[in-house]
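Every heavy atom of this structure was used, including side-chain atoms; hydrogens, water molecules and symmetry mates were not. Computed from a prediction, not measured in an experiment: that's the story for all the values here.
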Protein chains: 2
Amino acid sequence: MARLFEVAHRLEARVEAALGAVGLSLAKFGVLKVLAEAGDSLPLSQLAERIQCVRSNITQLVDRLEADGLVRRLDDPDDRRVVRAALTQAGRDSFGEGIRIVAAQERAVTEALGQSDAAALNGALRQL
Amino acid sequence: MARLFEVAHRLEARVEAALGAVGLSLAKFGVLKVLAEAGDSLPLSQLAERIQCVRSNITQLVDRLEADGLVRRLDDPDDRRVVRAALTQAGRDSFGEGIRIVAAQERAVTEALGQSDAAALNGALRQL
DNA sequence: TCTGCATAGTTTATCTATGAACAAATCGAC
DNA sequence: GTCGATTTGTTCATAGATAAACTATGCAGA
């Protein structure tokens, strides 16, 4: 388990560093990804649910993304409690760059592992 | 890779929650473990090195551990720049409880995996 | 309709982690 | 022996995450 944690942390740090080149972090990239895949604005609660974190985290993350100009907050016309997050054009562009970077890292890892180990890893992780 | 991160985070959260029962966190347990295994007090720099984090993180971690009464700071007689961290008796006791908890979590994971998957996981992780 | 409860988002406090800037102490080259 | 570079720990600012307390809004039942 120690090894699992250590490897995960090291890979996360690597992806984080790679994303840093375009001003993104893993957390920010995660939000952009959810919004891009939804293809539409989403209530902050749904963002929290899909990212699997508490709402107060999303508040701050969206604060920073809004400051970066990658996302903006919209009022929900149907429920005045709700705040929706929407990608800006800069956000869509940034996500495009991010996904290339992450894909490259993914390839590097799969390559380092070799097919059989990659499959084994995947299978084992599925049990957990 | 997404799966690896997700599983690692979930397991970490589980261990963290289990350790919470005795007032520990993974970070605090990590410090206690290094000190216990060293069998002696250690300079904060060495703590940082073994835990693989920056020194300012150790400063704060040791602040909190000292507040918890698990660790205390000692002056180094040979180098007045150095601050050493030493386990208190409460710290040794707490580490003992922690290690039982972590071992139980470890067993639960290995059991959930089965021998072959556990070995496969270990082998794959070793490549990374 | 009003009342009480649930939901949405924010604020605040805390923890973990990083990096930059800093003070004090040590060490090496001259 | 002194000066400059290095090392050690701390402080501060920031990012990311959680949990608790709070506000505003919506909704369901008496």
Side-chain angles (χ1 to χ4, degrees), chain A residues 5-6 8-10 12-17 19-20 23-32 34 41-68 70-86, chain B residues 5-6 8-20 23-32 34 41-68 70-86:
Chain A
F5 292 168
E6 195 244 312
H9 288 157
R10 206 170 50 238
E12 275 185 354
R14 241 172 64 179
V15 177
E16 198 91 43
L19 283 172
L24 285 179
S25 62
L26 254 179
K28 287 178 179 177
F29 176 72
V31 172
L32 299 186
V34 168
S41 67
L42 286 177
L44 300 195
S45 314
Q46 289 211 20
L47 226 37
E49 208 174 300
R50 300 197 194 185
I51 289 175
Q52 295 264 91
C53 72
V54 299
R55 278 166 325 186
S56 56
N57 193 21
I58 293 294
T59 296
Q60 303 176 82
L61 215 34
V62 170
D63 282 350
R64 290 189 292 268
L65 284 165
E66 217 171 10
D68 293 344
L70 304 182
V71 157
R72 62 182 193 287
R73 281 179 163 88
L74 303 177
D75 289 341
D76 186 302
D78 298 344
D79 187 337
R80 288 197 297 160
R81 290 171 304 180
V82 170
V83 177
R84 308 181 71 94
Chain B
F5 293 166
E6 195 243 314
H9 288 157
R10 206 170 51 238
L11 290 183
E12 275 185 353
R14 243 172 63 180
V15 177
E16 197 92 42
L19 283 173
L24 285 179
S25 62
L26 255 179
K28 288 179 180 176
F29 176 73
V31 173
L32 299 186
V34 168
S41 67
L42 285 177
L44 300 196
S45 314
Q46 288 210 21
L47 225 38
E49 207 174 302
R50 300 197 194 185
I51 289 174
Q52 294 264 94
C53 72
V54 298
R55 281 170 327 207
S56 57
N57 193 21
I58 293 295
T59 296
Q60 304 176 80
L61 217 33
V62 170
D63 283 348
R64 290 189 294 269
L65 284 166
E66 217 171 11
D68 293 345
L70 305 181
V71 156
R72 64 181 192 289
R73 281 181 164 88
L74 304 177
D75 287 342
D76 187 302
D78 297 343
D79 187 336
R80 290 197 295 160
R81 290 171 304 180
V82 169
V83 176
R84 306 181 71 93

Whole angstrom value for the distance that separates [atom2] of [N] from [atom1] of [X]:
{"X": "A:Asp63", "N": "C:dT12", "atom1": "CG", "atom2": "P", "result": "12 Å"}
{"X": "B:Glu16", "N": "C:dA17", "atom1": "CD", "atom2": "C1'", "result": "13 Å"}
{"X": "A:Gln46", "N": "C:dT7", "atom1": "CD", "atom2": "C1'", "result": "13 Å"}
{"X": "B:Asp75", "N": "C:dA24", "atom1": "CG", "atom2": "P", "result": "16 Å"}
{"X": "A:Glu49", "N": "C:dT7", "atom1": "CD", "atom2": "P", "result": "12 Å"}
{"X": "B:Gln52", "N": "C:dG19", "atom1": "CD", "atom2": "C1'", "result": "17 Å"}
{"X": "B:Leu47", "N": "D:dT10", "atom1": "CG", "atom2": "P", "result": "11 Å"}
{"X": "B:Arg14", "N": "D:dT18", "atom1": "CZ", "atom2": "C1'", "result": "19 Å"}

**OP:** Determine, for B:Lys28 against B:Asp68, whether the closest basic-nitrogen to carboxylate-oxygen distance falls under 4.0 angstrom.
**Re:** yes
Original post:
side chain to side chain contact (heavy atoms under 4.5 Å, CB included) between B:Ile58 and B:Cys53: does it pass, once the steps are laid out?
Top reply: CA-CA 8 Å; B:Ile58 293 295; B:Cys53 72; 3.8 Å; yes
**OP:** Could you say whether B:Asp79 or A:Asn57 is positioned toward the 5' end of DNA chain D, judged by the nucleotide with the nearest heavy atom to each?
**Re:**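 Per heavy-atom nearest nucleotide, the more 5' residue is B:Asp79.
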Subject >> Point-to-point distance, once rounded to the nearest 0.5 Å, from CZ of A:Arg84 to CG of A:Asp78 >> reply: 8.0 Å
Original post:
So which one's nearest nucleotide on DNA chain C is more toward 5', B:Gln60 or A:Pro43?
Top reply: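 Looking at the nearest nucleotide for each, A:Pro43 comes out on the 5' side.
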**OP:** State which of C:dT7, D:dT8, D:dG16 makes the closest approach to the side chain of A:Leu61.
**Re:** D:dG16
Subject >> Candidates D:dA24, D:dT6, D:dT10 - which lies nearest the side chain of B:Arg81 >> reply: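 The answer is D:dT6.
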Original post:
Heavy atom of residues 24-31 of chain A under 4.0 Å from DNA chain D: which residues?
Top reply: A:Ser25, A:Ala27, A:Lys28
Subject >> Where A:Val62 and A:Leu44 come nearest, the two heavy atoms and their spacing >> reply: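 For A:Val62 versus A:Leu44, the nearest heavy atoms are CG2-CD2, 4.1 Å.
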Subject >> B:Gln52, CD atom: more than 12 neighbouring heavy atoms under 6.0 Å >> reply: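 Open.
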Can you check whether any acceptor in the base of [N] is under 3.5 Å from a donor in the side chain of [X], or vice versa?
{"X": "B:Arg55", "N": "D:dT8", "answer": "no"}
{"X": "A:Arg80", "N": "D:dT25", "answer": "no"}
{"X": "B:Ser56", "N": "C:dA17", "answer": "no"}

Original post:
Across the strands shown, which category fits B:Val54 at heavy-atom distances under 4.0 angstrom: base, sugar-phosphate, nothing?
Top reply: base
Original post:
Just by modelled atom types, is the A:Leu26 backbone N or O under 3.5 Å from a matching donor or acceptor in the A:Glu16 side chain?
Top reply: yes
**OP:** Could you tell me whether a side-chain N or O of A:Glu12 sits under 3.5 Å from a main-chain N or O of B:Phe5, the two making a donor and an acceptor?
**Re:**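 No; judged by distance alone, with no hydrogens or angles, the pair does not exist.
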Original post:
Do any side-chain nitrogens or oxygens of A:Arg73 fall under 4.0 Å of OP1 or OP2 in C:dT10?
Top reply: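 Affirmative; the distance criterion is met.
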